[in-house]
Amino acid sequence: MSEDKSSSIGTPLSDVEIDITLVYSLLSDQHPDLMHLPIHLVDAGWDNVIFRLGDQLSVRLPRRKAAATLIENEQTWLPVLAPQLTIPVPTPYRIGKPGQSYPWRWSVLPWLAGIPADQEEPHANQSKFFASFLRSLHTPAPLNAPQNPVRGVPLTQRAASVEERMQRLQIKTNLITQKLRDIWNRALNTPVDAEAKWLHGDLHPRNILVENGAIAGIIDWGDITSGDIATDLASIWMLFSEPKARSQALAEYSNVSEATIQRALGWAILFGVMLLDTGLVDNPRHVIMGERTLHRVSQDG
């Protein structure tokens, strides 16, 4: 869920038309050994369209120019990181190139089973498991790691957009309380005290797969970058409804400073207001995710 100016008005429009016919044509040209497999549309998000390809594969294509670089980041860096991660991720199986009037690179990925966590919350006992995954990811990144202007950065760089969203939401909802604003202001005034590490960058519940209460996969790595670990720790408030599970996740991650927790609460507010603000335009699932996140931050802050 990358951000740009269009994000203030809901789901961005697609820059290209993507349908099953296009996918068949691209496969026929570039990966003809796969074109016999049945294809059906699974989902169209902010950045990409996902098709199921047979039982074991999927095809992921950027739907707008802003996402084209993001899929290249996945293709380059996810194979490097995957061996150290403790939860399955969709490491590219095949790389697609521009063709058939489609202008960008695309991927054939393994199909990961599971339901997005906004529709099936993981069991509270998954909190330690999830924290272990974050630890396995949060390792030093090389100097040529992807740069991301909106993830992993100091929260002060995001303050103007968050406060603009808060002003809109204060008119439309009762969730922007003084307590929430106080938590946000504390986060803004808390310096980054942690070494920059690899980040997923977009760990909202739609990018976390759950199967029978267990976390089964982490998808959509387009925002991968190096930066403040608080960005990813914010997902604890997006994922777990029970305060005990959230505190267990932070304890299991271990050695989280109070300053990092404050910044993580700030990042959770950022994601919460972004999801709620844009969701109220055209995405009920984002509304629910945003509301849940802001309620939980208010509980714990």
Side-chain angles (χ1 to χ4, degrees), residues 3 86 127-143 145-166 175-205 208 218 223-276 289-290 292-301:
E3 297 166 73
T86 57
S127 61
K128 293 182 179 180
F129 179 59
F130 184 65
S132 296
F133 159 76
L134 291 176
R135 273 207 321 272
S136 75
L137 168 61
H138 291 165
T139 56
L143 292 176
Q147 299 295 304
N148 191 315
V150 293
R151 303 295 159 86
V153 298
L155 279 169
T156 50
Q157 294 184 25
R158 306 300 316 280
S161 65
V162 172
E163 286 158 13
E164 179 186 335
R165 294 186 192 280
M166 282 185 174
L175 292 169
I176 310 304
T177 62
Q178 187 58 50
K179 181 176 184 180
L180 195 78
R181 286 188 174 277
D182 290 344
I183 297 168
W184 170 246
N185 287 328
R186 281 200 300 273
L188 277 183
N189 291 313
T190 301
V192 176
D193 64 343
E195 179 189 356
K197 301 286 181 64
W198 272 121
L199 305 175
H200 179 284
D202 201 26
L203 275 175
H204 62 73
I208 300 168
I218 308 291
D223 277 313
I224 188 171
T225 190
S226 176
D228 185 4
I229 59 172
T231 310
D232 282 354
L233 289 171
S235 57
I236 291 169
W237 285 270
M238 291 191 275
L239 203 54
F240 297 104
S241 60
E242 297 181 21
K244 184 178 179 182
R246 300 194 290 269
S247 61
Q248 286 176 336
L250 291 169
E252 180 69 18
Y253 188 91
S254 76
N255 298 318
V256 185
S257 69
E258 184 59 34
T260 298
I261 293 173
Q262 290 299 323
R263 294 194 311 281
L265 286 164
W267 275 99
I269 291 172
L270 180 151
F271 285 118
V273 299
M274 179 174 66
L275 289 162
L276 182 54
M289 285 193 287
R292 288 172 176 168
T293 302
L294 298 179
H295 277 304
R296 293 166 188 173
V297 169
S298 292
Q299 272 187 305
D300 292 359

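In what follows, every heavy atom counts, from backbone to side chain, and hydrogens, waters and symmetry copies are set aside.
One finds the CD1 atom of Ile261 at 11.5 Å from the OH atom of Tyr253 (value rounded to the nearest 0.5 Å). Here Lys197 contributes atom NZ and Ser226 contributes atom OG; the two are 9.5 Å apart, rounded to the nearest 0.5 Å. For the atom pair Ile218 CD1 and Phe133 CZ, the distance stands at 4.5 Å (nearest 0.5 Å). The line from CD1 of Ile183 to CG of Leu265 is 6.0 Å long, rounded to the nearest 0.5 Å. Rounding to the nearest 0.5 Å gives a distance of 10.0 Å between CZ of Arg181 and CD1 of Ile269.
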Under the side chain to side chain contact (heavy atoms under 4.5 Å, CB included) criterion, do His200 and Asp223 qualify, and how do the steps go?
CA-CA 6 Å; His200 179 284; Asp223 277 313; 5.9 Å; no
Pair Trp184, Val273 - check side chain to side chain contact (heavy atoms under 4.5 Å, CB included), show working.
CA-CA 11 Å; Trp184 170 246; Val273 299; over 6 Å; no
Check step by step if side chain to side chain contact (heavy atoms under 4.5 Å, CB included) holds for Leu134 and Leu203.
CA-CA 10 Å; Leu134 291 176; Leu203 275 175; 3.6 Å; yes
Determine, stepwise, if the pair Thr231 / Phe271 fulfils side chain to side chain contact (heavy atoms under 4.5 Å, CB included).
CA-CA 9 Å; Thr231 310; Phe271 285 118; 4.2 Å; yes
Could you walk me through whether His138 and Asp232 pass the side-chain hydrogen bond (donor to acceptor under 3.5 Å, both in side chains) test, one step at a time?
CA-CA 9 Å; His138 291 165; Asp232 282 354; 3.0 Å; yes
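Taking the side-chain contact (heavy atoms from CB on, under 4.5 Å) definition, one finds that Ala268 meets it with Ala234, Trp237, Thr293, Val297, sequence neighbours left out. Residues passing the side-chain contact (heavy atoms from CB on, under 4.5 Å) test with Thr225 are Asn148, Arg151, Leu199, sequence neighbours excluded. In this structure Trp198 satisfies the ring pair (Phe, Tyr, Trp, His ring centres under 6.0 Å) test together with Trp77, sequence neighbours excluded. Scanning for side-chain contact (heavy atoms from CB on, under 4.5 Å) contacts around Asn189 gives an empty result, with sequence neighbours left out. With sequence neighbours excluded, no residue satisfies side chain to side chain donor-acceptor pair (under 3.5 Å) with Trp267. Annotation: salt bridge (charged side-chain N to carboxylate O under 4.0 Å, His left out) contacts of Asp228 (sequence neighbours excluded): Arg263. Among residues two or more places apart in sequence or in another chain, the side chain to side chain donor-acceptor pair (under 3.5 Å) test is passed with Ser247 by none. Residues satisfying the salt bridge (charged side-chain N to carboxylate O under 4.0 Å, His left out) test with Asp182, not counting sequence neighbours, are none. Taking Gln147 as the reference, nothing meets the side chain to side chain donor-acceptor pair (under 3.5 Å) condition, with sequence neighbours excluded. Residues passing the side-chain contact (heavy atoms from CB on, under 4.5 Å) test with Glu252 are Lys128, Ala131, Ser132, Arg135, sequence neighbours excluded. For Arg246, the side chain to side chain donor-acceptor pair (under 3.5 Å) test picks out Gln299, Asp300, with sequence neighbours left out. With sequence neighbours excluded, no residue forms a salt bridge (charged side-chain N to carboxylate O under 4.0 Å, His left out) with Arg292.
At a threshold of 4.5 Å between non-hydrogen side-chain atoms, the residues Glu195 and Ile229 do not count as touching. Residues Met289 and Met238 fail the side-chain proximity criterion, which asks for heavy atoms closer than 4.5 Å.
For Leu175 against Leu180, the heavy-atom pair with the smallest separation is O-CD2, 3.6 Å. Between Ala194 and Thr260 the shortest heavy-atom distance is CB-OG1, 4.3 Å. Residues Leu294 and Gly272 approach most closely at CD2-CA, 4.0 Å, considering heavy atoms. Residue Ser127 comes nearest to Ala245 through the heavy atom pair CB-O, 3.2 Å, listed as atom of the first residue, atom of the second, then distance. Summarising the geometry of Ala249 relative to Ile236, their closest heavy-atom pair is CB-CD1, 3.8 Å, with the distance given to 0.1 Å. The two residues Pro191 and Ala259 come nearest to each other via the heavy atoms O-CB, 4.4 Å.
No donor-acceptor pair under 3.5 Å is formed between the side chain of Arg158 and the backbone N or O of Leu270. Put simply, the side chain of Lys179 gets close to the backbone of Ser298: a donor and an acceptor are under 3.5 Å apart.
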